[in-house]
Amino acid sequence: MKIKCPVCGATLVGNVVCQYCGTTDKQVLNASNKKVKEYRQTGNTDMIHMTTILPSDLVRWKVVLYTILLGWLGINYIYVNRPIRAGFSMGTSIACVVIYTLNLFVSFSSKTLQLGFDIIYEVIFYSMAINVVIWVFDIISVLLKKFKVPVVLASKEK
């Protein structure tokens, strides 16, 4: 089984230590996603690496289901501990629903207010369009097992 090293990107084949950074395939296979939040809170972000191999503390069918059904809202990113992407997806989705609802029910008497609202509407519309494109790419990457999740590698065995 070929494994990409999440630290340097080299290919690890079999029971091999990465010749570039010393990472072992056992470290990658025993990595943890649940520790990511703890490491971010303590400031050890240099210990967090991205990998396409889902760690044992994440369930593949949940990642697929969350991405397909709720990916536009960012729920898949919450599940895999990617808060910035989750915030972008959730923020644009909620803002889009709010601004679209306002556009249906509110009419401005002032042209200046209407122009300001139209600018905000356009910005949110294009942000949501970017969000939808990211969502489609996420669905494809999850189905092709290329979706990257943050992990903390297991400690090296001596």
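Here the structure is a predicted model, which is why all the values come from computation and not from measurement.
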**Q** Please find the pair of heavy atoms, one from Asn81 and one from Lys34, that lie closest to each other, and give the distance.
**A**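 Distance-wise, the nearest heavy atoms are ND2-CA, 4.3 Å.
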**Q** Closest heavy-atom contact between Arg40 and Pro83?
**A**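 Residues Arg40 and Pro83, closest heavy atoms: NH1-CD, 3.3 Å.
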**Q** Under the side-chain hydrogen bond (donor to acceptor under 3.5 Å, both in side chains) definition, can you give me all pairs with a residue in residues 83-97, not counting sequence neighbours?
**A**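 Output for this query lists Tyr77-Arg85, Ser89-Asn131, Thr92-Asn131, Ser93-Asn131.
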**Q** Could you pull out every donor-acceptor pair under 3.5 Å between side chains of residues 97-105 and any protein atom, sequence neighbours left out?
**A**
residue: Thr101; atom: OG1; partner: Val97; partner atom: O; Å: 2.7

**Q** Any chance CD1 of Ile84 has more than 12 other-residue heavy atoms, nucleotides or ligands included, within less than 6.0 Å?
**A** no
**Q** If you measure from OH on Tyr79 to CG on Asn33, what distance do you get to the nearest 0.5 Å?
**A**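 If we round to the nearest 0.5 Å, Tyr79:OH and Asn33:CG are 8.0 Å apart.
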**Q** Which heavy atom in Gln27 sits nearest to a heavy atom in Gly22, and how many Å separate them?
**A**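 Smallest interatomic distance, heavy atoms only, reads OE1-O, 4.0 Å.
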**Q** Are Val133 and Ile130 connected in a single hydrophobic cluster, I mean Ile/Leu/Val/Met/Phe/Trp/Tyr linked by side-chain heavy atoms less than 4.5 Å apart?
**A** no
**Q** How many angstroms lie between atom NZ of Lys145 and atom CD1 of Ile53, to the nearest 0.5 angstrom?
**A** 11.0 Å
**Q** How is the hydrophobic cluster of Tyr39 composed, in terms of its other members, when Ile, Leu, Val, Met, Phe, Trp and Tyr link through side-chain heavy atoms under 4.5 Å apart, directly or indirectly?
**A** Val36, Met47, Ile48, Val152
**Q** How close do Cys5 and Cys21 get, counting heavy atoms only, and between which atoms?
**A**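 So the two residues come closest at SG-SG, 3.5 Å.
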**Q** According to side-chain hydrogen bond (donor to acceptor under 3.5 Å, both in side chains), does anything in residues 62-74 pair up with another residue at least two apart or in another chain? List the pairs.
**A**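 Residue pairs passing side-chain hydrogen bond (donor to acceptor under 3.5 Å, both in side chains), neighbours aside: Thr67-Asn76.
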**Q** To the nearest 0.5 angstrom, please state how far the CE atom of Met90 sits from the CD1 atom of Ile78.
**A**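 If I round to the nearest 0.5 Å, the distance is 3.5 Å.
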**Q** For the hydrophobic clusters of this structure (ILVMFWY residues joined by side-chain heavy atoms under 4.5 Å, transitively), does one cluster hold both Met50 and Val63?
**A**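 No, separate clusters.
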**Q** Please report the interatomic distance CG(Asn30) to OG(Ser56), rounded to the nearest 0.5 Å.
**A**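 Spacing of CG (Asn30) from OG (Ser56) equals 7.0 Å.
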**Q** Rounded at 0.5 Å granularity, tell me how far CD1 in Ile68 sits from CG in Asp138.
**A**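 Separation between the atoms: 11.0 Å.
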**Q** With a 4.5 Å cut-off on side-chain heavy-atom distances among I, L, V, M, F, W and Y, is there a chain of contacts connecting Phe137 to Trp135?
**A**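 No, it is not one cluster - the side chains of Phe137 and Trp135 are not joined through contacts under 4.5 Å.
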**Q** Under the ring-ring contact (aromatic ring centres under 6.0 Å, His included) test, which residues partner Phe88, sequence neighbours left out?
**A**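 ring-ring contact (aromatic ring centres under 6.0 Å, His included) check on Phe88 returns nothing, list empty.
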**Q** Taking all heavy atoms of Arg82 and all of Lys148, pick out the closest pair and write down the distance.
**A**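 Here Arg82 and Lys148 meet closest at NH1-O, 3.0 Å.
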**Q** I'd like a table of donor-acceptor pairs (distance under 3.5 Å, sequence neighbours excluded) in which one partner is a side-chain atom from residues 112-129, with atom names and distances.
**A**
residue: Gln114; atom: NE2; partner: Asp118; partner atom: OD1; Å: 2.9
residue: Ser127; atom: OG; partner: Val123; partner atom: O; Å: 2.9

